[in-house]
Amino acid sequence: MRFATWNVNSVKARLPRLREWLAATRPDVLCVQETKVAEFPDISDLGYRTAHFGQGRWNGVAVLSRIGLEDVRQGFPGEPGFPEQEARYVSALCGGIRFISVYVPNGRTPDDPHYTYKLAWLAALRASLKDDLAAGPLVVAGDFNVAPTDDDVWDPAVFVGSTHVTPPEREALAAIQDLGLRDIVGRPLKGDRPFTYWDYRAGMFHMNKGMRIDLVLASPDIAGEVTDAVIDREARKGKGPSDHAPIVVDIERPAGDGIR
DNA sequence: ATGTCGTCCGCGGGACGA
């Protein structure tokens with residue numbers, strides 16, 4: 001079985017590349033972030049069903065699956081809003097695994113109300129995941145907007161005083177992992193840094209000045225079945241890429257336990 | 001790092017978010 005996560009930065013702008021990538025990579029399940037549309041485009045011709053929580057101009061998350069899509073949940077109990085709920089969480093059961101696609105609030109700057117919102121959102125997500133973990137195998141994947149350690153940013157000195165690297169953000173993320181979720185780090189296909197995001201500006205991708213802010217966290221049973229995990233930097237190249245690369249994970253479990 | 005790209009409004013390019 002193969003699954004993946006990808007912040008596409010607008011599914012409308014990315015649709016040709018998303019379709020090509022799905023056809024070439026054929027994940028059984030894909031967690032998508034930043035769809036930026038109200039309705040997800042029809043990709044049923046590629047064999048995928050879609051669970052989408054869209055908001056329109058901002059945010060938007062989806063789970064795409066070709067191995068079944070049951071018990072869809074848009075948002076989670078106790079989820080904070082700003083002030084209203086935003087489209088940052090959607091989950092579904094696919095082949096007996098709960099796949100959760102998350103787009104964690106950016107936080108903007110540490111003195112911004114959005115930063116407080118980010119910390120509250122992560123704490124509430126932790127409480128929700130604790131219940132989900134008790135129910136069975138799960139994967140929570142997406143754009144966490146937190147670099148777990150200084151090794152996960154191209155130059156820690158540049159990020160002093162910025163969001164994504166502050167101790168409270170890292171502690172909130174660590175508290176989620178401490179539930180027993182394992183961080184499945186993708187292999188970089190070039191260089192030795194597992195970055196998943198490079199700013200569009202200033203040739204950052206070309207210079208490999210990136211960040212690892214997209215994460216795949218898996219329950220122990222799933223983590224123990226991982227045979228490979230790769231950051232598909234090819235998807236960050238060329239004309240009209242997202243600023244994030246997909247993380248593609250292979251596990252030895254047969255796709256969908258026959259549920260297709 | 002603030003060098004780009006996406007959205008919206010609304011018809012040209014500015015405002016905003018990331």
Side-chain angles (χ1 to χ4, degrees), chain A residues 5-21 31-41 52-62 80-89 101-122 141-148 150-166 169-170 172-173 191 193 195-215 231-247:
Chain A
T5 184
W6 194 8
N7 179 327
V8 296
N9 186 17
S10 169
V11 75
K12 198 178 293 180
R14 216 65 58 213
L15 189 57
R17 288 194 64 138
L18 174 62
R19 292 181 60 87
E20 284 171 26
W21 186 87
C31 295
V32 183
Q33 301 84 39
E34 283 207 85
T35 63
K36 294 186 176 178
V37 288
E39 302 295 330
F40 202 92
H52 181 225
F53 186 19
Q55 189 180 317
R57 182 176 186 180
W58 304 115
N59 311 315
V61 283
F82 196 87
E84 302 301 319
Q85 183 188 48
E86 299 179 311
R88 298 185 175 276
Y89 174 109
S101 178
V102 295
Y103 177 49
V104 175
N106 175 287
R108 301 192 181 181
T109 57
D111 60 356
D112 194 293
H114 287 88
Y115 177 82
T116 309
Y117 167 48
K118 178 181 195 173
L119 295 180
W121 199 92
L122 283 167
D143 181 353
F144 280 77
N145 272 317
V146 179
D150 276 353
D151 286 338
D152 295 308
V153 296
W154 61 275
D155 181 1
V158 170
F159 290 89
V160 171
S162 301
T163 54
H164 298 57
V165 301
T166 66
E169 291 167 275
R170 287 176 169 168
L173 177 61
R193 314 290 303 277
F195 298 146
T196 63
Y197 162 86
W198 301 261
D199 197 298
Y200 284 123
R201 290 170 283 194
M204 301 288 272
F205 178 67
H206 180 68
M207 296 183 285
N208 199 27
K209 293 181 174 179
M211 307 172 76
R212 185 172 81 94
I213 54 174
D214 300 271
L215 304 178
I231 299 159
D232 185 3
R233 71 188 302 280
E234 297 300 311
R236 180 63 179 77
K237 294 181 179 177
K239 185 176 169 56
S242 169
D243 42 2
H244 296 251
I247 304 166

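This is a predicted model, so every value here is computed, not measured. Labels below follow one simple rule: chain letters A, B, ... track the order of the sequence lines, proteins then strands, and each chain is numbered from 1.
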| field | Comparing A:Ala13 and A:Ala157 on DNA chain B - which has the more 5′ nearest nucleotide | value | A:Ala157
| said: Pick the closest DNA chain B nucleotide for A:Val158 and for A:Gly56 by heavy atoms, then say which residue is nearer the 5' end. | reply: A:Val158
| request: Report the residues that fulfil side chain to side chain contact (heavy atoms under 4.5 Å, CB included) with A:Glu20, sequence neighbours left out, ordered by chain and then residue number. | output: none
| Sequence-distant partners of A:Asp243, side chain to side chain contact (heavy atoms under 4.5 Å, CB included), two or more places apart | A:Asn9, A:Tyr197, A:Tyr200, A:Arg236
Could you list the residues that satisfy side-chain hydrogen bond (donor to acceptor under 3.5 Å, both in side chains) with [X], not counting sequence neighbours?
{"X": "A:Thr166", "answer": "A:Tyr115, A:Glu169"}
{"X": "A:Arg57", "answer": "none"}
{"X": "A:Asn145", "answer": "A:His164"}

| said: Say we look at B:dA1 and B:dG12: how far apart would their P atoms be, to the nearest angstrom? | reply: 38 Å
| task | Please state the P separation for the pair B:dG10 and B:dC16 - nearest whole angstrom. | result | 15 Å
Write down the distance between [atom1] ([X]) and [atom2] ([N]), rounded to a whole number of angstrom.
{"X": "A:Arg236", "N": "B:dC5", "atom1": "CZ", "atom2": "C1'", "value": "10 Å"}
{"X": "A:Leu15", "N": "B:dT7", "atom1": "CG", "atom2": "P", "value": "12 Å"}
{"X": "A:Glu86", "N": "B:dT7", "atom1": "CD", "atom2": "C1'", "value": "15 Å"}
{"X": "A:Met211", "N": "B:dT2", "atom1": "CE", "atom2": "P", "value": "16 Å"}
{"X": "A:His206", "N": "B:dT4", "atom1": "NE2", "atom2": "C1'", "value": "16 Å"}
{"X": "A:Lys209", "N": "B:dT2", "atom1": "NZ", "atom2": "P", "value": "10 Å"}

Polar atoms only, N or O, under 3.5 Å: list the protein pairs with nucleotides 12-18 of chain B and their distances.
unit_1, atom_1, unit_2, atom_2, d
B:dA18, OP2, A:Arg108, NE, 3.0

| query | Is a salt bridge present between A:Asp112 and A:Lys118, judged by a nitrogen-to-oxygen distance below 4.0 Å? | reply | no
| Of A:Arg233, A:Met211, A:Arg212, which meets side chain to side chain contact (heavy atoms under 4.5 Å, CB included) against A:Thr196? | A:Arg212
| message | Counting the atoms with a prime plus P, OP1 and OP2 as sugar-phosphate, which does A:Phe159 contact under 4.0 Å by heavy atoms, base, sugar-phosphate, or nothing? | response | base
